[in-house]
Amino acid sequence: MKLSARLDLIKPSATMAVNEKATALRAQGVDLIDFGAGEPDFDTAQHIKDAAAAAMRAGKTKYTPVGGTDDLKAAIVAKLRRDNDLHYEKREVLASCGGKHSLFVAFQVLFGAGDEVIVPAPFWVSYPDMLLLAGAQAQLVPTREENDFKMTPAELEAAIGPRTRAILLNSPSNPAGVAYTEQELAGLLDVVATREIIVISDDVYELMVYGDFRLGRVLQIRPDFRDRTLVVNSVSKTYAMTGWRVGYTAGPAHVIKAMSTLQGQMTSNPSSVAQAAAAEALAGPQESVQPMMREFGRRRDFVVERLRTIRGVRCPLPEGAFYVFPNVSAYLRKASGPTTGDDLAAYLIETAHVAVVGGSDFGYPEHIRISYATSMQNLERGLDRIEDALKKLD
Ligand code: PLP
């Protein structure tokens with residue numbers, strides 16, 4: 001059967017491909033250490049699961065309004081007020097089947113042929129392909145490792161062209177854990193202030209920051225951007241709920257209405273039971289978040305320190321999320337060894353049985369992404385294995 005030409009535009013998600021390979025090796029009985037995971041290794045909190053079970057028992061097993069139940073919308077509105085000091089009404093928020101779906105629907109209603117969207121690199125693998133499926137294109141802005149992968153106002157200014165419709169910000173970021181302070185973000189927002197540029201803030205890691213780092217937030221810095229900003233978020237990462245598939249968008253009512261129209265012809269509502277769980281996650285006790293972040297913080301410190309002991313590996317200290325994005329160029333292009341971070345990732349999974357993701361699909365082929373969403377013991381063993389495997393390339 002012939003496939004649509006649309007498929008020629010995109011490629012399989014690199015992170016999903018690593019997951020599949022890791023699963024296949026595990027099924028063969030290989031003692032695989034998985035640093036590929038894009039999800040917390042913690043369980044969803046019991047009170048959230050209980051809310052889902054209660055919803056099922058109460059018969060909440062039917063279609064809901066496309067953009068989410070009244071309860072979920074109320075919980076989203078309350079969360080935005082509590083955590084972000086943002087005041088939205090229910091008609092200005094929409095729940096979708098994960099943050100990925102929220103972004104996909106937003107891109108479809110906002111962008112079309114010829115539009116360009118500024119995406120700082122390294123970037124989350126799905127952005128460029130999702131933009132292509134909307135007929136638009138990512139205008140990638142490479143950032144410097146020496147600057148901790150932070151885009152500067154000058155770099156942003158230079159990237160803006162006549163077709164620029166929007167800027168996509170993701171702070172903290174996947175894959176490098178880059179987080180912008182208020183001052184840094186204000187500098188970027190100043191650049192777009194005098195132009196008709198939409199700001200899409202992918203906040204899925206917003207509560208996952210370390211120590212006393214104070215995260216800059218678009219609408220707190222520029223309340224006057226409310227009519228041109230979409231805030232996208234998800235319960236996936238913060239509440240260890242990746243499998244439940246609930247994300248949400250807050251923005252101007254007419255954009256939310258358009259997204260609801262599209263979603264109504266696409267997926268309709270996210271799962272009714274998952275919505276009940278998401279409402280509890282957002283509005284219920286928040287006690288599960290801090291212990292998880294304390295543990296992630298411990299692991300982050302260990303992983304960065306350990307990587308820095310490996311000769312030639314460079315690794316900035318991420319301020320947020322649960323990934324590090326080390327530069328492995330010292331081990332590339334040696335004799336018949338790997339030439340890119342992707343080759344190195346293939347080498348590591350084959351020879352050391354450690355799964356990491358190569359950097360190409362994040363825009364940086366000389367890097368690999370390591371997720372520390374796994375136990376400290378796995379981190380110790382896996383990093384030992386990586387060091388041994390790298391030594392063999394020397
Ligand atoms: N945005 C970023 C930067 C991500 O890393 C992810 C998931 O990996 C998402 C959005 C989407 O997450 P979900 O669809 O699980 O809400």
Regarding Gln286 and Asp83, do their side chains bring together a donor and an acceptor under 3.5 Å, going by distance alone? no
**Report entry** Electrostatic pair Glu295-Arg300, nearest N-O below 4.0 angstrom
**Finding:** no
Between Glu350 and Lys21, is a salt bridge (Lys or Arg N to Asp or Glu O under 4.0 Å) present by the stated rule, with each step listed?
CA-CA 10 Å; Glu350 291 296 338; Lys21 175 94 187 162; 2.9 Å; yes
Does the ring of Phe302 carry Arg306 above it, NZ/CZ under 6.0 angstrom from centre and within 45° of its axis? no
Please test Asp70 against Lys90 for salt bridge (Lys or Arg N to Asp or Glu O under 4.0 Å), starting from the C-alpha separation and ending with a verdict. CA-CA 8 Å; Asp70 211 49; Lys90 286 182 196 159; 3.2 Å; yes
Greater than 12 external heavy atoms within 6.0 Å of Gln137's CD
no
- Under 3.5 Å, side chain of Arg165 to main-chain N/O of Phe111, donor-acceptor pair present? no
query = So Glu155 and Arg144, salt bridge (Lys or Arg N to Asp or Glu O under 4.0 Å) or not? Walk me through it.
reply = CA-CA 10 Å; Glu155 286 164 349; Arg144 283 169 302 122; 3.4 Å; yes
Any donor-acceptor N/O pair, Asn233 side chain to Gly247 backbone, under 3.5 Å: no
Open item on the list: Go through it in stages, so that I can follow the logic: the residues are Tyr248 and His101, the test is ring-ring contact (aromatic ring centres under 6.0 Å, His included), and I'd like the CA-CA distance, side-chain angles, deciding distance and then a yes or no.
Closed with: CA-CA 9 Å; Tyr248 54 94; His101 186 220; over 10 Å; no
Between Phe362 and the options Tyr127, Phe325, Phe123, the ring pair (Phe, Tyr, Trp, His ring centres under 6.0 Å) test singles out Phe325
Applying salt bridge (Lys or Arg N to Asp or Glu O under 4.0 Å) to Arg217 and Glu206, what does each step give before you reach the verdict? CA-CA 9 Å; Arg217 290 189 159 100; Glu206 67 155 348; 3.0 Å; yes
| query | Do Arg195 and Glu157 meet the salt-bridge criterion of a basic N to acidic O distance under 4.0 Å? | reply | yes
Does atom NE2 of His254 have more than 12 heavy-atom neighbours from other groups under 6.0 Å away? no
